[in-house]
Structures are given as structure tokens and as C-alpha cells.
Amino acid sequence: MGTIQISLPDGAVKEMPKGSTPLEVAKSISEGLARNVISAKYDENTIEVTTPLETDGKLTLFTWNNDEGKKAFWHSSSHVLAQALQELYPGIKLTIGPAIENGFYYDVDFGEHTISEKDFPQIEKRALEIARGKHDFKMREVSKADALSHYKEERNEYKVELIENLEDGDITFCDHSTFTDLCRGGHIPNTGMIKAFKVLNAAGAYWRGDENNPQLTRVYGISFPKQKELTQYLELLEEAKKRDHRKLGRELELFTFSQKVGQGLPLWLPKGAALRERLESFLKKAQRKAGYEMVVTPHIGQKELYVTSGHYAKYGEDSFQPIQTPKDEEEFLLKPMNCPHHCEIYKASPWSYKDLPKRYAEFGTVYRYEQSGELHGLTRVRGFTQDDAHIFCTPDQLASEFKNVIDLSLYVLSSLGFDNYTAQVSVRDLEKPEKYIGNAENWEKAESAIIEAAEDKGLKYSIEEGEAAFYGPKLDFMVKDALGRSWQLGTIQVDYNLPERFDLTYKGSDNELHRPIMIHRAPFGSLERFVAILLEHTGGNFPLWLIPTQAIVLPVSEKHENYAQKVLNSLENHEIRALIDNRNETVGKKIREAEMQKIPFMVIVGEREVEEETIAVRRHGGEDLGSIKIDTFGNLISTEINSTLKSF
RNA sequence: GCCGACGUAGCUCAGGGGUAGAGCGUUUCCUUGGUAAGGAAGAGGUCACGGGUUCAAUUCCCGUCGUUGGCUCCA
């Protein structure tokens, strides 16, 4: 029996007997590692920790502290979930059960049976019993014919379909306890590592993600090596719920909805509207410096406008239906996009290459009939305002214009304290050309323009195939909400198609007419969604420059109201947005309520302050800044604002 | 749009076949209080809406609307 050379990530090379397992390698390093090792990778292949190693290679061992380790842990847990479900609900059909970012799920066809929250405890109980049995996960190779007959016997058409798409010789089953599942591999050594198990949710999910397919039940769960970690995770979820923008929006009186006005149509309350206005003027200022011009367009446009743009063919069916007028055959649409209007603005005059780029910006409110099941607070609504702009430029200008827009977008994100966004380049799906308009050559150009710009700016980005808009590829900035759901905020799109459809031209230096290229861009995306995500990120503690009320004056008693009023006026003269609370309540209560309203500064005035002509300042959270002069306070606020809000 | 859950006072929620309750908020009065809730009294509900079962429905059943967790979609 020979030996093999196993190299480890730290560069060390272990010589081990041929057929050693990753677990044995771990043991040779340390007992502790052997206890904690969950899964392994040999060269580029995910393997079991009990898989014998037969050749030289590079071994990586994973524990719970690696994402790969968690993935194996959760994927293994989904097998346990499946076994528990199969035992409790005989006759169900299992489909797929992957690990996800936080936990795992298993998609199951329950037939006539439905499950709901009431059933979770007994599923958890059974799953934990299985886990405690410390059953080993064992992989075995199965021929395609055997695999097919196994699942045909079970009358599981889903697994049969999966296997039919696999190559013979590349099919493995995984066994543990009495349970067998089609599986590619990547498991923990045995079920005993799973000490805590929670079924989180059950929801409908289409087979293979296609709404034309049957709907399965997706059972979500999460598991941990320690009970304490589950408890902590659940506490984290509870905390996240407190940052839900729908809850904070109500508490901070920013926005509301009315069934009478209509689903998905937000009503901005005065404080929310003031906040929006501030966001708008912030961006307008930056855009002015960046050479944008504001335009204004109406909320409706003739149907023909959207037939020209292609929006009608693509989205007409799923939109608010055309508005009729007294005149026969005249139809208007609520605008779902601003770009067609802006194209017509561009068309209003002839342009020379010397005039370009033209950058038309508008806070344009658009209406889309989003599916009812999609509506969600302010993040997905049917009427919303885009901080939209369209840049019309020559091919020569495209790269630098695109990069300037990236700069502007990053400026917006950083001014609002977003540092954990991801960039995503959305390109077309080459296998579904029917989803897109325009020719391949222009798509090619547009896609590479975006990727080059992203590279040039040193953005870390992922490429998402099939996520492009129907008229062009895009670069999106994605941010997660409190519950970990990812949302698109800013977007930048390159478009060769609308200029063609609207027959936009400019005269080049050769005295010939040329086609401009369009960049669609919105650094916030929509004001509604942006405010929602910002609320969840800040928990309502907005940056000082943005927050509706920066300070509240709290007189200690009614005797100090006159002075408090003077203080308020003075704060307003310092351009501090302040309120006064002169209700007949104790200071303690006023402070408590100001704290809950998340007002950054409480300005308390009583006997001492009247005499000394000062104010006692308390910061949100409790820090006492002591008695200071109003001018000092004014300086403190402006210094703080200037440190977060740089100019563009 | 699909699958599941939910809908009781402005908000958060309890209750349950015999037409309703708490806390906070609100109103009035007392109190003039120094860094996270001072006290008292009062007002406020077609129990989402529409049907059905029942002597009786807010409660049970069905439908509609809305909200919500997912799926699908997202110009």
C-alpha cells in the first residue's frame, strides 16, 4: 500500500497512506480539528469527510466557522427534515432540498395534505430524534437505470425528471438511517452533530421555479450544532423585526396606506414628505454639479408612445389598463417609465455632437400594476417616484459618462451610510433572445461597456445572466433589508435600442446623422424603496442631515415655556430643525417619548438654563452633553453634518 | 397571480355561540415636575366586508377585500 501527498491550505504537505480519509488527516493535525471538521474539498470537488483519498491533491477542511461547513451542515439537515416529513406524512414526494444562506429548505409534494405552523413542533421533534440517532451519512454510486427504477417505484416523477437530466456514472444516493435520497454529496459525518433544529416556515414554491409547473410546499428550516446558537438566531430575527420599515414608518409617522386609496399606493405623511424632499434636494445639488438638467413630464402618455418604446408589448397586459377619453379610440397610459417622455424631449430639437451629452433628470412618478402578491410595504408598490435621468451621448462619451454615473451612485450610497451594498451586472440570457429587443451586436457593445466601466472603477461585481432589462443590460446596486432580503436600489443601464425605436439622432463632425446611446440611471432607484431600506439600515436613526426633526426643546415646567420658545426660535435661526414639547407632562416623560421618536438631540431648559442663558443637551441614547450655549450647539450640529455629508 | 397564515379601539394585543376587554395614545381636571412613563376621570368598536348555519354569530362555515411569509414577476 502506497502513500499519497496531501497539501493543505497553509502550504504544508502531509504524507498519508493511500485511502486515508479527510477525517484521518484532520486527526493527524489535532483531535480538536477532527471533532469539528464538518466537510471537505479535495482539489475542486466537494467530498465527504469519510471519502478515502486515493491520489495526491489539495485538501481543504471545513468546520462550522466556514460558509462551506455551514452549507454541508444545513444540507445534511435538509435530509433529516425530509426523513422526518416522510415518516410523518407517508406517501409525500420529495424533490430538492438545498442549503441556503440561513438554513435550508426541502420542496415537497404533499399531495392533498397541507401543512401549517401547527405541524412544525412535531416535525422538529421527529427531526431531533433522528439527529440523536447519530446516523452516518453514506454516499453510494447508483446506475442511472437503478436510480430511475427506484424513484419510478416510489412514483416520484420529480426525482425521475432530475435523474433523467443526469449522466449515467455521475449519480449518487446518500443514505442515513433508513432514509435514502438522490444527492450530489457534501455532508456532515453523522446526524448527531445537529443539536438544534427549527422549522421556520412553509410556503408554496413552483417546481423548478416555473409558475406553469405544479406548486410544491417548501418547508424552511434551520439547524445548529448548539442549542444556544438557535436561541441567538431567533433573537436576531426578533431584533430584525423591530427594524421593519413598515413598523418604523408608522411609529415615526412617515407614511401610511389606505385601502380606500388603493393597494400599493403609499401616502406620505408630512414628516416623510419632508424627508423625501431633503433626499431630492440633496441629489439635485449633486446632479447640478454633474451637468444634469431638470425636466418635467406628465403622468400619462398616449398608448402609442409605449408601443413605440416596446413597453406596451412587453408589459401592457400586466399594467394599469389604458385610460379612455371622450374621443373615440384615444387611449392613454399611466406612465410606467419616464424614458419615452425623455426621448421625446430629446427629439424636440436637433442636436450636434458638440451639444452632447444631454442629461435630462426628473423625479418622475410612475405607476405599475405589480402583482398583488408582490406588494410589500414601501419596497414594492404600484405608484412610486424614480430619481430618473437619461443621458444621451455619443459612442465616444459612453465610457466616461457611465463611470461618472458610477461615481454619483457611490456618492449617494456613502452619503447615506450604505457600505454593505453589492454590485450586480445584469446581462441577457443568450438562450432566450425572445425576451429582448435589439440586435446582438449592440447588446454585446452595451454589456462590455458596463463590465469595462465596473472594472475600471474597481467595483466588486457579480454577473447575473438573464437579469437584464428587455432593452439593455444594467449595473445594479443591491442592498439587503432587515430580514436579509436583497433589493435593487440604484441602477445604471446602457441602451442602444430606445434611440433606434424613437429614431433619435445627432449630427456628427462628418455632417452625417448618427444614433446617440442612452444611459438610464437612478441612484436611489425609487424614493419609496430607498427610504424603506434606509429605515431598516438605520433603524430610524437617520443621518443628522436627513432626519426630519434634529432636536426637540423640552421645558422642565410651564414656567420655562417662554424661554423654551426663545430657544426654539434661536435654533431655527441656526437652521436646526427643531420642535418644542410644551405639553403638561414631566420632563421624564417628554424625554422618554423623544427617545422613542429617535430625535437625535433633546434640549432641556429649566431654571438653571434660564438664568445662565444656556441649554442642557442630551443626545439620543442618553449621553449628557451638559449645559452649553446655543451657538456651541449650532456649531456641534453643523460640524457633525459636514463630517457625513461631503459635497459631490 | 399561486400556496399558507392573519384581520377585535388610533397603536400593540387578550378574549370567545348569548352583540366586548387591557396597556399605550387621545380628551378633561389635578399636579409645576431636572434626564426613558406623576395622578384621577371620561370618550372611543357594525369585532374588515358580504352571505350561510343557528333561537342567537364578533366567535363556526363559504366568498370578497386587505395584510403578511414564501413562490413567480420586477421596465
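Letters A, B, ... are given to chains in the order of the sequence lines, protein chains preceding strands, and every chain is numbered from 1.
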Tell me: [atom1] of [X] to [atom2] of [N], nearest whole Å?
{"X": "A:Asp318", "N": "B:A75", "atom1": "CG", "atom2": "P", "result": "12 Å"}
{"X": "A:Lys247", "N": "B:G10", "atom1": "NZ", "atom2": "C1'", "result": "15 Å"}
{"X": "A:Lys435", "N": "B:C74", "atom1": "NZ", "atom2": "P", "result": "6 Å"}
{"X": "A:Phe110", "N": "B:C2", "atom1": "CZ", "atom2": "P", "result": "21 Å"}
{"X": "A:Ile100", "N": "B:G70", "atom1": "CD1", "atom2": "P", "result": "10 Å"}
{"X": "A:Arg583", "N": "B:G38", "atom1": "CZ", "atom2": "P", "result": "10 Å"}

Are [X] and [Y] close enough for a salt bridge, meaning some N to O gap below 4.0 Å?
{"X": "A:Arg583", "Y": "A:Glu593", "result": "yes"}
{"X": "A:Glu607", "Y": "A:Lys559", "result": "no"}
{"X": "A:Glu595", "Y": "A:Arg592", "result": "no"}
{"X": "A:Arg619", "Y": "A:Asp624", "result": "no"}
{"X": "A:Arg608", "Y": "A:Glu612", "result": "no"}

Under 4.0 angstrom between A:Thr217 side-chain N/O and B:C3 OP1 or OP2: no
For [X], which contact category applies under a 4.0 Å heavy-atom criterion: base, sugar-phosphate, or nothing?
{"X": "A:Ala594", "value": "nothing"}
{"X": "A:Asn201", "value": "sugar-phosphate"}
{"X": "A:Gly588", "value": "sugar-phosphate"}
{"X": "A:Tyr220", "value": "sugar-phosphate"}
{"X": "A:His376", "value": "sugar-phosphate"}
{"X": "A:Arg618", "value": "base"}
{"X": "A:Gln488", "value": "nothing"}
{"X": "A:Arg619", "value": "nothing"}
{"X": "A:Arg608", "value": "base"}
{"X": "A:Glu117", "value": "nothing"}
{"X": "A:Val556", "value": "base"}
{"X": "A:Gln597", "value": "nothing"}

Which value, in whole Å, describes the distance between the [atom1] atoms of nucleotides [N] and [M]?
{"N": "B:G44", "M": "B:U28", "atom1": "C1'", "value": "15 Å"}
{"N": "B:G7", "M": "B:U64", "atom1": "C1'", "value": "13 Å"}
{"N": "B:U67", "M": "B:A40", "atom1": "P", "value": "40 Å"}
{"N": "B:G66", "M": "B:C47", "atom1": "C1'", "value": "16 Å"}
{"N": "B:C13", "M": "B:G51", "atom1": "P", "value": "30 Å"}
{"N": "B:C24", "M": "B:A37", "atom1": "C1'", "value": "10 Å"}
{"N": "B:U27", "M": "B:G63", "atom1": "P", "value": "44 Å"}

Please state whether the rings of A:His299 and A:Tyr367 are parallel, tilted or perpendicular, taking 30° and 60° as the class boundaries.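 Rings of A:His299 and A:Tyr367: tilted, 30 to 60°.
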Parallel, tilted or perpendicular: rings of A:His376 and A:His245 (30°, 60°):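 Plane angle between 30° and 60°, so tilted.
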Indicate yes or no for a side-chain donor-acceptor contact from A:Arg529 to the backbone of A:Gln488 under 3.5 Å, with no hydrogens or angles considered.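 Yes, A:Arg529 side chain to A:Gln488 backbone: donor-acceptor pair under 3.5 Å.
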Considering every strand shown, what is the Watson-Crick or G-U wobble mate of [N] when both distances are under 3.5 Å?
{"N": "B:U19", "result": "none"}
{"N": "B:A56", "result": "none"}
{"N": "B:U46", "result": "none"}
{"N": "B:G33", "result": "none"}
{"N": "B:A40", "result": "B:U28"}
{"N": "B:U68", "result": "B:G4"}

Residues from residues 205-215 of chain A lying under 4.0 Å of RNA chain B - heavy atoms: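 Nucleic-acid contacts, sorted: A:Ala205, A:Tyr206, A:Gly209, A:Glu211, A:Gln215.
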Going by heavy atoms closer than 4.0 Å, what residues in residues 256-269 of chain A are next to RNA chain B?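 Per residue number, the list reads A:Gln259, A:Gln263.
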Of the nucleotides [options], which has the atom closest to the [X] side chain?
{"X": "A:Ala203", "options": "B:G69, B:A37, B:G34", "result": "B:G69"}
{"X": "A:Gln493", "options": "B:U35, B:G38, B:A75", "result": "B:A75"}
{"X": "A:Ala616", "options": "B:A75, B:U35, B:G38", "result": "B:U35"}
{"X": "A:Lys589", "options": "B:A75, B:G1, B:G25", "result": "B:G25"}

CZ of A:Phe601 to CD of A:Glu623: how many Å apart, nearest 0.5 Å?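 Atom-to-atom, A:Phe601:CZ and A:Glu623:CD are 8.5 Å apart.
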Just checking, any donor-acceptor pair under 3.5 angstrom between side chains of [X] and [Y]?
{"X": "A:Thr422", "Y": "A:Gln424", "result": "no"}
{"X": "A:Glu362", "Y": "A:Thr297", "result": "yes"}
{"X": "A:Gln493", "Y": "A:Tyr471", "result": "yes"}

Residue met sooner reading RNA chain B from 5', once A:His620 and A:Gln371 are mapped to nucleotides: A:Gln371
Could you pick out which residue, A:Lys474 or A:Met596, lies toward the 5' side of RNA chain B when each is mapped onto its nearest nucleotide?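 This one resolves to A:Met596.
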What I want to check is whether an N or O donor and acceptor connect the side chain of [X] with the base of [N] at under 3.5 Å.
{"X": "A:Arg218", "N": "B:C3", "result": "no"}
{"X": "A:Glu253", "N": "B:G10", "result": "no"}
{"X": "A:Asn584", "N": "B:G33", "result": "yes"}

Is A:Tyr315 stacked on the base of B:A75, meaning ring centres closer than 5.5 Å and planes within 30 degrees of each other? yes
Do A:Phe418 and A:Phe530 have their ring centres less than 6.0 Å from each other?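 Yes, they do, as the ring centres are separated by less than 6.0 Å.
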